[in-house]
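Computed from a predicted model, the values in this text were never measured in an experiment. Both backbone and side-chain heavy atoms feed into the values below; hydrogens, waters and symmetry mates do not. Below, chain A is the first sequence line, B the second, and so on; all start at residue 1.
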There are 2 protein chains.
Amino acid sequence: MAGRKTTPLKDFSLGTHRCSVDLRLEKLSMVPFFTDLDEGKLTAINQQFSAAHHHADETIYHQDERATMLRVVVHGAVKLVRHTMDGKDVLLDMLQPGDYFGNFSTTGKAIYSETARAQTDVCILSIRMSNFRSLLNDYPEVAVAVLDITADRLQSSREKIRHLTTLTVKKRIAHILVMLSEKFGEQNAYGLLLQLPLSRKDLADMVGTSSETASRIMSDFQDQDIIKTGRQWVAISDINRLADIAKE
Amino acid sequence: MAGRKTTPLKDFSLGTHRCSVDLRLEKLSMVPFFTDLDEGKLTAINQQFSAAHHHADETIYHQDERATMLRVVVHGAVKLVRHTMDGKDVLLDMLQPGDYFGNFSTTGKAIYSETARAQTDVCILSIRMSNFRSLLNDYPEVAVAVLDITADRLQSSREKIRHLTTLTVKKRIAHILVMLSEKFGEQNAYGLLLQLPLSRKDLADMVGTSSETASRIMSDFQDQDIIKTGRQWVAISDINRLADIAKE
DNA sequence: GCACTAAAATGATCTGGCTCAATTAAGGGA
DNA sequence: TCCCTTAATTGAGCCAGATCATTTTAGTGC
């Protein structure tokens, strides 16, 4: 069968890639809240963004820093983490190209309430928060679209609260794997591969457990041929079984 | 000391109260996302709302129902609850006059994701979701205000996730009592009285524990003279101690 | 003041998942 | 191909908090 083992994940490195104006425009038009805008408006908006690259594991911004920018993922994956002083992390969200992040609320102090870290090499567009806000006033359709996305995030955040208070760790892990497969899943030889580096600790921080418990459960799933997994990668062999387990 | 024991909570019953157009207008202007509007606009908007009363414990709408209305609390308190089939409830939010509730996201099916129940007798204003959405398009300032509120709720929802995954039940209860005191606290003879009916089960559902555990912890707090509590009511004697306990 | 009801308190037991502590092995580098 | 680092696995003991079962009590209605 196989020869040398290598990670089945694709290479996220940016190499000499530079974010050209054209590429930025294309990416911006993919951002859900700009899709409805005509090209003219979009070009104008594009001017206000600037691009930046970060290597995997680099911190894009840190929790409690002054929040001045709103950002959009163009390439790669970004994770949002909240730290606690006792060393525990909570992984709030895993973002993919097209997702925005940063801080809104003008009400209250403009402080990032979480740390954003590059999960892979990433390319990020950013705009000054003040500019973005006047953008919202100029284009109501954008404001409504952003509101919809935020409302959806609130929904899934509340869903997560329900899970944390009512489901066992096993069900929560099954659930998050299904969610991740919808967002990052990519069919390949191993099954439905989650196209991002994902450690046991990441998984544990997502569902609020210890990495040891996450590991035990993943081993269990693998023994039952539900998943296939290696260092920092997970592929799902039997999504239906997983969904069944997640079902409350 | 005191003679006959009665609940120190105020009487929330509406009696013969009817929501006059004037009262509605006054209440609407208190809603955070309408405060910036001039009176003319507000009067126009007021037309689109209709008022309804519910008795304590009545369900205003039920989880999984088709979501068509957006509502605003005018009088009383409303709780948002998610049910699980195994009988566990999760209390997502406790609303007071001026707070909106219902469902936004046009994306995805318009289904209420939680049940809204009257915690006291309540008076509620409601507007058709479709009308509210065109309102958002007509008045960008409203859209931005609603976005800000929603973003804040997302924040506190994420905060709650962190608490659930990193704090002990005792700290979580201390924390929620502090939060509730900020929102519903009212100084009186007993101390800082939370001006709403609040059972051990409500408290338990808010922090994701069992009512027995909540009860034990509340007894403990009372023994330490941190709170004073009876049936469905809680008054805080020593908010600082409570805040210290909540501190991680 | 008395009786009644549902909330709250309390006791006893049990367990899912955490913690601490090694051990094993995946997969990148040269 | 071997080496090395760090992720992942696995074992054992322990405890916060759930659950089940009663008893107590607050507060309302009469």
For [X] and [N], give me the distance from atom [atom1] to atom [atom2], rounded to whole Å.
X        : N      : atom1 : atom2 : answer
B:Leu203 : D:dG17 : CG    : C1'   : 16 Å
B:Gln222 : D:dT25 : CD    : P     : 13 Å
B:Glu212 : D:dA16 : CD    : P     : 18 Å
B:Asp202 : C:dA6  : CG    : C1'   : 14 Å
B:Leu164 : D:dA18 : CG    : C1'   : 16 Å
B:Lys171 : D:dA16 : NZ    : C1'   : 13 Å
B:Gln232 : D:dT25 : CD    : P     : 19 Å
B:Met218 : C:dT10 : CE    : P     : 13 Å

Could you check A:Arg172 against B:Arg231 and say which one's nearest nucleotide on DNA chain C is further toward the 5' end?
->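 Final value for this comparison: B:Arg231.
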Is [X] close enough to [N] that one of its side-chain N or O atoms is under 4.0 Å from OP1 or OP2 there?
X        : N      : answer
B:Thr213 : D:dA18 : yes
A:Ser215 : D:dA8  : no
A:Ser219 : D:dT9  : yes
B:Arg200 : C:dA9  : yes
B:Thr229 : C:dA8  : no
A:Ser211 : D:dA7  : no
B:Trp233 : D:dA26 : no

Taking the six-membered ring for Trp and the full ring for Phe, Tyr or His, determine whether the centres of B:His75 and B:His54 are under 6.0 Å apart.
->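 No, ring centres 6.0 Å or more apart.
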Give A:Thr7 one of three labels, base, sugar-phosphate or nothing, depending on what nucleic acid heavy atoms sit under 4.0 Å from its own.
-> sugar-phosphate
Answer with base, sugar-phosphate or nothing: what part of the nucleic acid does A:Lys170 contact at a heavy-atom distance below 4.0 Å?
-> nothing
What residue among B:Arg66, B:Arg71, B:Met69 forms side-chain contact (heavy atoms from CB on, under 4.5 Å) with B:Tyr61?
->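 Exactly one candidate clears the test, B:Arg71.
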Can you tell me if A:Thr150 and A:Tyr100 form a side-chain donor-acceptor pair at under 3.5 Å?
->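 Judged by distance alone, the side chains do pair up.
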Side-chain ion pair, B:Asp89 and B:Lys79, N-O less than 4.0 Å | no
B:Asp205 bridged to B:Lys201 by N-O distance under 4.0 Å | yes
Does any donor-acceptor pair link the side chain of B:Arg216 with the base of C:dG11 at a separation under 3.5 Å?
->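 A donor-acceptor contact between them is present.
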